[in-house]
Every structure is written in C-alpha cells, then in structure tokens.
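Structure first, commentary second.
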Amino acid sequence: MMPYTDIPPEVLKQLYETMLRIRLFEDRTSVLYPEQLIKCPVHLCIGQEAIAAGLCAHLNKGDYIFSTHRSHGHCIAKGMDLRPLAAELYGKSTGCAQGRGGSMHLVDPEHGIPGTSAIVGGCIPLAAGAALASKLRGDGKVSVAFFGDGASEEGTFHESLNYAALKKLPVIFACENNNYATNSPRHARQPDVSIAERASGYGMPGVFVDGNDVLAVYHASREAVDRARAGEGPTLLELRTYRWKAHVGPNPDIDSGCRPADEYEAWLERCPVNMFGQFVADNNILSDDEIGSMLAKVEKEIDEAIVFGKAGPEPPASELYDHVY
Amino acid sequence: MMPYTDIPPEVLKQLYETMLRIRLFEDRTSVLYPEQLIKCPVHLCIGQEAIAAGLCAHLNKGDYIFSTHRSHGHCIAKGMDLRPLAAELYGKSTGCAQGRGGSMHLVDPEHGIPGTSAIVGGCIPLAAGAALASKLRGDGKVSVAFFGDGASEEGTFHESLNYAALKKLPVIFACENNNYATNSPRHARQPDVSIAERASGYGMPGVFVDGNDVLAVYHASREAVDRARAGEGPTLLELRTYRWKAHVGPNPDIDSGCRPADEYEAWLERCPVNMFGQFVADNNILSDDEIGSMLAKVEKEIDEAIVFGKAGPEPPASELYDHVY
Amino acid sequence: MPWTKLQADDSRSEVVFHQARLSQREITYREAIKEALTQALEMDPNVFLIGEGIDDPGGVFGTTVGLKEKFGKDRVMDSPIAENGMTGIAMGAAITGMRPVFIHMRVDFLPMCMDQIINHAAKWSYMTGGRVKVPLTIRAVIGRGWGSAAQHSQSLQALFAHIPGLRVLMPASPYDAKGLLLGSIAGNTPTIIIEHRWLYDQKEGVPEEPYVIHPGKGLVRREGSDVTIVACSYMVYESLRAADELAKEGIRAEVIDLRSLLPLDEDLIIGSIEKTGRLVVADTGWKACGISAEVAAVAAERAIGSLKAPVRRICLPFAPTPACHSLEQAYYPTHTDIVSAVKGIR
Amino acid sequence: MPWTKLQADDSRSEVVFHQARLSQREITYREAIKEALTQALEMDPNVFLIGEGIDDPGGVFGTTVGLKEKFGKDRVMDSPIAENGMTGIAMGAAITGMRPVFIHMRVDFLPMCMDQIINHAAKWSYMTGGRVKVPLTIRAVIGRGWGSAAQHSQSLQALFAHIPGLRVLMPASPYDAKGLLLGSIAGNTPTIIIEHRWLYDQKEGVPEEPYVIHPGKGLVRREGSDVTIVACSYMVYESLRAADELAKEGIRAEVIDLRSLLPLDEDLIIGSIEKTGRLVVADTGWKACGISAEVAAVAAERAIGSLKAPVRRICLPFAPTPACHSLEQAYYPTHTDIVSAVKGIR
Ligand SMILES: Cc1ncc(C[n+]2csc(CCOP(=O)(O)OP(=O)(O)O)c2C)c(N)n1
Ligand SMILES: Cc1ncc(C[n+]2csc(CCOP(=O)(O)OP(=O)(O)O)c2C)c(N)n1
Ligand SMILES: [Mg+2]
Ligand SMILES: [Mg+2]
C-alpha cells in the first residue's frame with residue numbers, strides 16, 4: 001500500500017468506515033435481492049469500494065459527483081443517507097427519487113448528487129457542466145464524474161475532456177477501469193493503451209492508479225482535487241479495479257464463462273476492503289474492538305435502512321404524472 | 001520545402017497539375033458565383049490545395065476518400081471529372097448527384113468517392129467503416145477521411161480513432177487544421193495542444209505536417225498510406241493550413257473582423273501553389289512552357305466543365321421523389 | 001431570482017394577428033430575440049448563452065450580435081463543435097443552478113445531441129422525483145433555400161414534440177419570439193425553441209419591458225367560420241396568405257398559430273373545428289408522425305362529430321431536401337397548396 | 001448476390017394470426033431472428049453483425065447465441081460503446097459493399113446515433129442522386145418491466161417513422177420477425193427493426209427456408225366488423241386479447257398488425273375502417289406525434305365519412321417510465337384499456 005504518514009488517523013478511520021459501509025450495503029443488497037422485493041436491476045460495486053471512498057474523502061458536502069448505473073458506492077461515499085437509498089431500491093415514496101428512479105437513478109442534491117445516468121457516458125458532460133457553473137460563479141466547488149472503462153469509448157468522453165481542458169474546469173474524470181463493459185473485455189473495445197494516456201492529447205494530467213489501494217486513490221485524488229480547486233483545471237484518473245459480481249444482479253458470473261476464473265480469483269486476493277482492513281490493523285489505526293464496533297454501527301445503519309426502505313409506501317397510481325415537468 | 005529526390009518527376013508534375021486544377025476551379029467558382037447561377041453554398045478550399053493533392057497522389061482509383069462541406073479539392077484530387085462536379089454546383093441532372101446534393105454533397109463511386117457529408121465530423125466514421133469493409137474483404141484498399149480542425153472536436157472523431165486503432169483499419173485520418181471553424185479560432189474551442197497529439201492516446205501514430213508544403217504532405221501521406229496498406233493500421237495526420245476565403249462563399253472575410261489581417265497576409269505569402277510552382281521551376285521539373293501549357297489545358301478543362309454545367313437540364317419536379325429509397 | 005416578478009401576458013391570446021397596439025414600437029423577430037436574450041442576461045446572473053460561433057460577427061442571424069461585447073465572454077460563450085457533449089455540459093450547469101441558453105444555427109445539428117436531450121434533459125425531473133429541474137433552453141433554426149440541401153434544412157420539431165418532459169415552441173411572430181424565449185429561460189423545463197430563418201425580418205409591435213408567454217397556448221391569428229387552418233412557424237404566414245386568397249372567393253378561413261407544439265393547445269383547435277367543421281394543417285416539417293398528424297389525430301378524437309370533410313395536411317414532400325433550385329422550388333408547399341387543399345374539402 | 005433469388009412471401013398477407021400451416025415446425029420469435037441472421041450470414045459473405053456484447057453468453061436475448069462460434073469474430077463482432085461512431089462505421093461499410101446488421105440491446109441507445117441515422121443513412125441515397133445505397137439494418141429492443149426505468153424502456157419508433165429515407169419495422173410474430181429481418185438485410189434501404197423484449201418467447205410456425213417479407217404491408221390478425229384495432233409490436237397481443245374479451249360481449253373487433261410503420265399500409269387500415277366505422281389504435285410508445293397519431297390522421301384524411309365514432313388511442317401515459325413497481329404497473333396499458341376504449345365509442 002501507499003505511504004500514509006501524511007494522512008491523519010481520523011481520515012484513515014473514515015476511509016475504512018466508508019469502504020465498509022459500501023461493502024456491507026452491497027452485500028446486504030445481494031442477500032436480499034432474491035426476495036424479489038427490490039424490483040429493479042442492481043449493478044453492484046463490490047470490489048470497487050476503494051475508489052469511491054478514496055476520492056470522495058476529499059470532497060465537501062457541496063461538491064458535486066455524477067455517476068452511472070453502478071452508483072451505490074459513490075453516493076454512499078458522498079454522504080447519502082442509506083435510508084432513502086434503500087427505499088429507492090424498494091421503489092418507495094420515501095426513496096431519494098420517490099421511487100421514480102430506482103437503483104440506476106439515485107439523487108441527493110443536499111449532498112451534491114444532482115442525479116445519475118444509466119446511459120453509458122451520459123454523466124461525463126454533466127460533471128463538466130457543473131464544473132462550468134462553479135467556475136462561472138466562482139463558488140470554489142469541484143465536480144467529479146465517475147464512469148467506467150466502457151464509457152471512455154463514448155464521444156461524450158472526448159467532448160467533455162476537450163472542453164474541460166479548454167476552460168480549465170474544476171472537474172475530475174474518474175474512470176473506474178474494471179476491464180469489462182457488461183461482458184466485453186476491454187481488449188475487444190479499445191486498443192492496448194492505458195486510458196490515462198488519452199489525457200495528454202488534451203494537455204491534461206492523466207494518472208494511472210491502483211483502484212484497489214485506497215491510499216493510492218486517496219493520494220492521486222488529493223492532487224486532482226487540489227488542482228481543480230486551485231483553478232488549474234481537470235485531471236483524468238484511470239483507476240484500475242475489478243467487479244466481483246456479474247454486470248447486473250447479485251450473482252457471480254464466472255460460471256457462465258463471461259470472465260476467466262483465475263482472473264477473478266487473483267482479484268479476490270486483492271480485495272480493497274480486506275487489504276485496507278489489514279493495513280489499519282497492522283498500523284494500529286484501528287483496534288480489533290474499534291473495528292468491531294464500527295462494523296456493528298454500520299450493520300445497524302443498514303438494518304435500519306432496510307426496515308425503512310421496506311416499510312415505506314409505494315407511490316400511488318394517481319401520482320403517475322407528477323414530476324414530468 | 002521537403003526534399004524530393006525520391007519522387008519521380010512525373011509525380012512532381014502531377015502534383016503541381018492537381019494543385020493547379022483545384023486552385024483554378026475554385027478561382028473560377030469564385031468568379032462565377034456572383035452570377036447567382038450556382039444556387040447553393042460553396043465552401044472553397046483556396047489555400048489548402050496541397051493537402052488534397054499530396055495525399056491523393058498515393059491513392060488508387062479504388063481507394064476511398066470521404067470529405068466534408070469543403071470537398072471540391074479532395075474530389076478533384078481523387079480524379080473526379082470536372083464536368084459532373086460543375087453541373088452539380090449548377091444543380092443539374094448532369095451533376096454527379098443529379099443536382100440533389102449540391103456543393104456540399106459530391107459523390108463519385110467510380111473514383112472511390114462514396115459521398116461527402118456537411119455534418120461536421122460525419123464523414124470520419126464513414127471512412128473507418130469503409131476501411132473495415134476493406135479489411136474484412138481483404139481487398140487491399142485504403143480509406144481517407146478528410147476533415148477540419150473543428151471536426152476533431154466531435155465525438156465521432158474519438159469513436160472512430162478508437163475503433164480504427166483497435167482493429168488496425170487501413171484508414172488515414174487527415175485533419176486539415178486551418179485554425180478556424182466557421183469564424184471561431186481554434187483557441188476558443190480546443191486546449192493548446194497539437195491535434196496530432198491525440199493519436200498517442202490510441203497508440204496510433206500522429207504526425208504534424210506543414211499542409212501548405214505539398215512535398216511534406218506527400219511524404220507524410222506516403223508513410224501513412226503504406227502503413228495502412230501493410231495492415232499496420234491507421235494514422236492521424238494534422239495538416240496545418242489556412243483558408244483564404246470566408247468560411248462560405250467567394251469573398252474574403254478579413255474586413256468583417258473574422259480573422260486578423262496580418263495572419264491572413266502571412267499565410268498568403270505561404271501560398272501552396274506558388275511555393276510549389278517556384279519549386280518546380282527552380283528545380284527544372286517543369287519549364288515555363290510546360291507550365292504554360294499545363295495552365296492552358298486545365299483552364300480549357302474548366303471552361304468545358306462550366307459550359308457542361310450550365311448547359312445541363314434541371315431536374316424536373318416530377319422527379320422529386322426519385323432516389324429517396 | 002427576479003424571474004417570478006415577470007408577468008405573463010395572456011392578454012394577447014385572443015388578439016388577431018398584426019393588430020398590435022399602435023403605440024408600440026415595431027421591431028423585427030431578430031431584434032425581439034436579441035432583446036429577450038439581453039433582458040435575461042441583465043436580470044439574472046445565472047443566465048448564459050453558449051453555442052458554436054454565437055459571438056462571431058454574424059451572431060446567429062443577428063440575434064446575438066454585440067452581446068459578448070456587452071456581457072463578456074463568460075456569459076456569451078463560443079463552443080467547440082461537439083453538440084452532444086456541449087448539451088450535457090449546458091445541462092450540467094442547468095441542474096446546478098444556471099439557466100443556459102444553447103443556440104444552434106441549424107435544427108439539423110440537434111440529432112447529434114438527442115441523447116442528452118431525450119435521455120437526460122427530458123427525463124431528469126421525473127427520474128429525480130422532481131428534486132432536480134433542468135432550466136435549459138435550446139434555440140435552433142430551420143434553414144431554407146439556396147441549396148441548403150438535405151443536411152441543413154430540416155424541420156425536426158416532431159422528434160421533440162413526441163417526448164414527455166420537454167416543451168417545444170415555434171414562435172412565428174416577434175412578440176411571441178420574445179415572450180416565449182423569456183418564458184422558457186425563466187421556467188424550469190428543458191425547452192426546444194425552433195425558429196425559422198425566413199422569419200427574422202418579420203416586424204411587429206413588441207413591448208420594451210420584459211414579459212413571458214407561457215407554453216401551451218395557441219393563437220387565433222385570423223378569425224373565420226368556414227375552415228380551420230392550423231399552422232406553425234413560417235407556415236402561419238403561408239396560411240394567412242391563403243386566407244387572404246380564400247377570402248376573395250368568399251371562403252372565411254380561421255388561422256390558428258400553434259406557437260406551442262408541446263404542450264398542444266387542443267382546446268383552441270377543437271373549438272375552432274366545432275365552429276368551422278373543416279381542418280387543414282400546415283407544417284414546416286414532414287407529415288408522417290409529425291405535428292400535423294397529432295393535430296389531425298386530436299381532431300379525430302375530439303371533433304369527429306363536427307368534421308364535415310376530410311382533414312388535409314400540407315407538409316413537406318416525404319423526401320430529403322433537394323439541393324438544386326428546380327427541385328427546391330417544387331419541394332416547399334406554399335399558400336397556393338393550402339388554398340387548393342381548402343377548396344378540395346369544400 | 002444471392003439475395004435476388006429470395007422469394008417474397010406475400011401469401012400470408014391475409015392469413016389470420018396463429019393459423020400457421022400445421023405441417024410447419026413452430027419456433028420462437030428469438031429463434032426466428034437467429035435463424036434469419038444465420039441464413040443471411042450463410043448466404044452472403046458481405047453480411048456481418050456488430051453490436052455491444054452480441055457475442056457474449058446472453059447473445060442479445062438469445063438471438064445471436066453461438067453465431068460468433070459458427071461464423072467467426074470477423075462476422076459477428078463485439079463493439080465499443082460508441083453508438084454514433086459505430087453507426088457511421090457500419091454505414092461506411094454498407095456504402096462500400098457490405099450488409100451490416102447493427103444490434104442494440106435497447107432502443108434507448110438509438111438517440112446516441114440519431115445523427116448517423118437521420119442525417120447520414122436516411123439521406124445518402126437521395127443526396128447521392130441514388131448512386132450510393134445504404135444496405136444497413138439496425139435492430140433494437142424495447143425493454144419493459146422490472147424497474148427498467150426511464151432510460152431503458154423507451155419505444156422510440158416514431159422518431160424514425162418521421163424520417164424519409166428510412167424504413168421502420170416492428171414485427172410482432174416469429175414469422176414476421178424472420179421474413180422482415182431477411183428482407184431488410186437483402187434490401188438496399190437503411191432499416192430500423194424494433195423488437196419487444198416480451199415477444200421473444202412467442203411461438204409460431206415458421207418455414208425453415210429463407211424468405212423475405214417486403215416492408216409496407218400490414219396484416220389482419222383477426223377479422224371483425226364492429227371496430228378496427230390497429231396495433232403494433234407487443235400491443236398486437238394485447239389487442240387480440242381485447243378482441244377475445246369483446247367477442248364475449250358480441251363485439252367483433254378486427255385487429256390489424258401494422259408490422260411496417262414506414263411505409264405504412266394505409267390502404268389496409270382504411271379498408272378496415274370502411275368496414276367497421278370505428279378505430280382504436282394501440283401503440284407501445286407515446287401518443288403525441290406517435291404512430292398512433294399518424295394512423296388516426298390517415299383515418300381523418302381518408303375515412304372521415306366512414307367513421308361513426310371518435311378515434312381512440314391507447315398509448316403510454318405521457319411521462320417517462322417510472323422505476324417503481326406500483327407506478328410501472330399503472331404505466332403500461334393493457335387489453336382492458338383497449339376494451340374500455342372500444343366500449344367507449346360504441
Ligand atoms: C449508451 C449506452 N450504451 C449501452 C448501454 C448498455 N450498457 C449498460 S452498462 C454497460 C457497460 C458499461 O461499462 P463500463 O462503462 O465499463 O461500466 P461498468 O459497468 O464496468 O461499471 C453497457 C454497455 C447503455 N446503458 N448506454
Ligand atoms: C454537427 C455540425 N455542427 C455544426 C455545423 C455548422 N458548421 C458547418 S462548417 C463548420 C465549421 C467546421 O470547421 P472545420 O471542421 O475546421 O472545417 P473547415 O470549415 O475549417 O474546413 C460548422 C461549425 C455543422 N455543419 N455540423
Ligand atoms: Mg467497466
Ligand atoms: Mg477548420
């Protein structure tokens with residue numbers, strides 16, 4: 001793992017807690033999904049938690065993030081309450097989008113989450129646009145676009161990077177490269193060049209980061225966020241990671257032949273949560289007791305969120321036309 | 001100018017003739033345009049002739065080119081007969097597109113011109129697609145996309161480069177950087193990085209070329225075409241040049257404040273036709289007499305083309321629905 | 001936000017065309033748009049304009065000339081040629097507090113950004129349970145004539161009028177151009193405003209003070225009792241010309257200017273058909289699944305008992321736009337086509 | 001080119017639904033599509049398939065499973081996620097001799113490539129004076145249910161049915177799915193084929209040999225004399241179910257399956273209305289400027305004298321698709337809505 005001596009212990013603890021919160025929430029979703037009460041597709045981010053945690057650690061409540069179909073982790077790391085999140089998955093009026101959005105369209109303006117798009121590449125220009133607004137207003141906010149390796153193939157990626165570089169917008173393009181888009185491996189979609197290398201064509205820093213090492217993410221993100229806040233423009237981060245579950249749904253996909261088993265197993269070894277758990281234990285950042293009570297606290301939060309989510313009312317048919325305009 | 005000793009004199013003569021043919025055709029169009037018999041917008045390429053001439057010199061009749069709103073020069077260099085070209089400008093049934101396309105939509109399948117698009121960035125993927133067809137068939141053909149600096153901002157540019165690099169397609173992306181899109185200077189649209197630099201992000205060679213030096217274009221294009229034909233994949237050429245006339249129409253635009261007068265004048269000095277004319281004279285490639293008769297021949301060709309164009313019949317209203325399907 | 005102070009002017013809803021208060025200064029459609037933009041920029045620091053070349057000497061047919069000089073390049077911005085990304089960027093600014101106006105020289109460039117318009121802007125309010133609104137105005141111009149050809153002359157309003165979450169406006173007069181544009185900028189709904197190149201020189205009395213016209217209201221431009229001609233944009237003028245011709249033969253045509261395609265003023269249309277019993281629809285676009293289809297369908301749903309004759313639609317021939325002059329002349333329907341259509345159903 | 005040898009099967013045009021020759025093997029809609037793709041790939045080396053993940057284990061709802069293994073990765077190609085560029089690439093191949101089939105898992109991704117579809121593919125034949133044809137087939141699937149939500153469940157056929165130069169097909173049955181797909185691949189016109197996720201398990205007798213169905217012909221799926229129900233895609237089934245219900249009450253509904261939205265089989269629709277005097281249109285998409293509007297408009301133009309009652313349209317509510325189950329249930333119209341509509345105009 002990356003060096004950490006410049007990071008206050010409180011931050012290290014918080015990083016671990018955020019990763020745990022994401023992991024446990026996604027695990028719980030996997031467990032509950034077969035009940036068939038969550039009646040929408042879920043794209044779980046298990047295995048990718050370090051990115052959301054490490055990057056959002058640098059963001060203020062008012063900073064903006066934009067994300068994709070796979071956004072639970074980003075929203076949690078940005079501070080979204082688990083209750084409206086769970087309620088949204090359960091399609092309830094108490095959900096963050098009153099049940100209109102489901103798992104793919106989370107939102108929480110109070111925490112700087114103006115919405116997520118399940119159209120691949122869709123959120124990239126939105127983040128650049130939010131950064132343009134911040135720049136025009138001079139409000140000092142930073143915007144982040146989280147998106148996948150697949151999304152880096154869309155025209156919007158190029159168009160957004162070009163504009164952000166031109167205007168030196170305070171935006172971070174955080175490309176979570178998990179090497180797959182649905183079941184297509186990256187080599188079937190892109191030439192064999194690091195995605196981070198695209199940045200130089202726009203005169204923008206591009207950084208390749210081990211996305212499973214939360215400290216590496218933390219350091220690279222700090223630089224990027226600082227640069228953005230200082231008015232020095234955007235950064236492209238390529239964060240290498242791996243998703244454990246199938247593209248969609250709570251099951252693994254290795255048996256179906258979508259991905260090689262040995263690749264999958266090698267990545268399981270590099271579990272971002274375990275790696276960092278080991279680290280905080282080894283370095284006496286958190287004692288076993290502290291970890292235990294952290295776990296308990298997060299589990300309780302999730303319990304409550306699920307109860308809240310299940311209990312909420314379903315939007316009535318009479319509300320079908322609400323919010324269209 | 002670039003060295004030329006490896007270029008046979010016949011080729012040098014041909015290059016000069018092609019540039020002359022383009023220049024004189026465009027000049028004639030400018031002169032005739034005020035007659036208002038050419039009833040469609042014309043985007044003239046005066047000042048940019050070396051690119052079409054230098055690149056197309058390496059192409060066979062069966063190779064494909066794709067172009068934009070500013071395509072007269074490319075089509076002429078690729079071997080299109082001036083008569084159906086002129087007739088198309090005059091909106092006649094004898095035009096290359098039977099008058100349906102006008103100046104912005106030239107076509108000549110027999111000479112490897114499957115059509116041109118006036119949607120900025122539109123032709124870039126078409127060229128990659130033609131190259132895909134060639135690769136699948138193994139027909140050894142090469143495809144070229146001519147497009148402007150403005151077009152390099154479109155998502156299709158990125159999407160096409162990514163795919164061409166992935167599949168090692170026999171295609172050349174020839175970006176004519178004349179520093180303007182309509183009246184917007186490049187610095188209002190792109191960060192200050194050479195367009196050629198975008199190539200490295202795809203693992204593709206990107207070459208910055210003096211687009212007013214036909215020999216420089218010739219050399220860079222030869223490498224690119226050879227590479228494509230050898231199955232080694234695409235090349236991005238950034239060909240720096242300048243247009244003399246307004247974005248559209250036969251008049252200069254300097255008085256309107258669109259572009260600085262000194263910039264314009266400096267580029268006039270670097271007239272690609274004059275520079276190469278000087279060169280062929282200085283190096284005894286062409287004698288004064290030969291140049292004189294070349295001029296006469298081309299002017300005669302143009303005279304005939306204009307007569308042909310003007311004389312042709314207009315498509316009758318009864319044909320309005322022809323060719324829709 | 002100063003917007004709420006703006007009064008909607010509903011007084012004109014029943015006023016007959018060109019009958020402007022004489023005290024008012026007359027300005028062109030072009031000037032009316034520029035005035036609306038100027039006033040929006042003055043009233044609200046969150047408003048900005050963006051678009052390819054909008055700051056150049058031509059200034060989008062004169063509608064943005066001088067605005068960069070007046071408001072600075074951070075509020076009147078040139079743009080790369082990247083319609084989909086730039087729409088997303090404008091929208092991203094809109095959902096974080098700004099009120100952008102994205103301007104396109106041709107409607108034909110909107111197909112490049114359908115993704116951000118249809119999948120994003122139109123859906124955002126709904127998908128976020130109404131928590132995040134998209135105050136984004138998109139202006140685009142229909143080209144016509146001089147060999148603009150197939151890719152620079154389309155009238156694609158129907159593609160937007162099909163999509164819930166959008167508003168689609170086609171002002172035909174200077175007064176409406178100003179009020180609808182200000183209304184859109186002041187509103188919280190993504191709105192597509194489609195102008196027609198041949199309208200910029202139209203003149204009309206237009207109040208100097210800012211005012212808004214809410215979407216969803218059409219106008220009776222000319223009253224009549226024998227046939228209803230429903231038109232939009234430039235076709236309003238062809239319809240009025242047709243009504244003049246018809247009047248000479250004693251046929252009194254009522255001409256309705258839709259102004260707003262989405263929402264559509266169904267009641268106005270139906271009320272008129274109930275009076276006249278006959279319907280002709282004149283659109284600048286294609287027929288199939290166009291706004292003319294929607295108007296005819298509404299008539300078939302709600303006024304079938306009143307219709308004394310077949311409905312007629314005057315639209316573009318179902319072909320791309322030809323470049324050459326001879327076919328271009330044949331391509332565009334005029335008032336004479338409307339006159340024949342009306343006569344054909346009498 | 002072996003395509004010209006293919007016979008069009010016009011014999012079925014008047015055949016009533018599900019009355020397949022018993023001798024024929026029954027296969028699913030999914031299998032019918034796969035069979036068409038297989039036969040096209042076998043018959044013509046210029047045919048290739050391309051699309052995001054079409055070679056993965058799921059194989060586009062099973063319609064492409066095993067084809068890469070059979071034909072190799074140069075003929076059944078995965079694609080980057082770059083819809084507009086890849087459409088242009090497919091089109092580039094099409095205009096230089098290939099016959100690509102570009103496959104999308106959702107119709108919702110087509111707004112990304114409207115530029116290449118509307119401005120390029122649809123215009124190319126016209127703009128080139130007919131010299132360059134675009135034999136490009138685009139398949140896309142309508143998603144529905146399980147919280148697909150606003151961006152993964154749209155029925156955007158109307159956006160294409162508005163555009164001259166395109167053909168738009170919505171096969172409802174396995175027989176049509178095979179014949180229309182082969183017809184499109186064999187043809188020279190850019191064609192959008194829109195499938196519905198809920199149709200893949202439908203079964204029907206389908207000939208093994210290749211055959212083509214030409215666009216532009218609808219089918220009477222059930223004969224009746226009291227009301228005409230015009231439907232497309234999945235709504236054909238809801239309409240047939242409605243017809244069953246209505247029959248119990250003595251109302252004989254004629255059900256027309258459009259199959260082809262562009263061109264539209266106007267004569268079939270008009271002939272039926274002349275017989276029944278009543279029209280209900282059932283579409284999988286939105287109403288405004290939708291195919292339901294076009295059908296109603298054609299009725300208003302050509303059958304006004306026969307219409308004994310108002311036209312009714314059964315379409316999606318004019319709202320984006322909600323994610324949650326309760327609203328999703330309320331969102332989609334069913335046969336009961338059609339039944340009520342019919343009863344409402346009797
Ligand atoms: C424009 C568009 N095309 C295709 C899809 C279908 N799709 C949904 S997720 C996905 C893969 C995205 O891959 P990536 O961007 O790497 O994100 P990941 O799922 O790996 O997190 C695809 C192709 C879509 N939603 N939007
Ligand atoms: C998609 C699209 N957007 C905008 C336009 C309007 N337009 C026509 S030419 C042009 C400038 C193109 O600049 P560039 O690509 O550099 O080519 P050049 O004219 O300099 O040769 C623009 C913006 C268009 N035709 N298509
Ligand atoms: Mg991925
Ligand atoms: Mg240029």
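Chain letters run A, B, ... following the sequence lines, proteins first and then strands; every chain starts at 1. Not measured: the values here are computed from a predicted model. Reckoned from all heavy atoms, side chains included, excluding hydrogens, waters and symmetry mates.
- Note: B:Gly155 leads B:Gly203, B:Ala165, B:Gly155, B:Gly121 in heavy-atom pairs under 4.5 Å with chain A.
- Within the 4.5 angstrom heavy-atom criterion, only backbone atoms of B:Ala188 (N, CA, C, O) approach chain A.
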Looking only at N and O atoms, which donor-acceptor pairs between chain A and chain B are within less than 3.5 angstrom?
from     : atom 1 : to       : atom 2 : distance (Å)
A:Ser152 : O      : B:His158 : NE2    : 2.7
A:Gly155 : N      : B:Glu159 : OE2    : 2.6
A:His158 : NE2    : B:Ser152 : O      : 2.7
A:Glu159 : OE2    : B:Gly155 : N      : 2.6
A:Asn162 : ND2    : B:Arg189 : O      : 2.9
A:Arg189 : O      : B:Asn162 : ND2    : 2.9
A:Arg198 : NE     : B:Gly201 : O      : 2.8
A:Gly201 : O      : B:Arg198 : NE     : 2.7

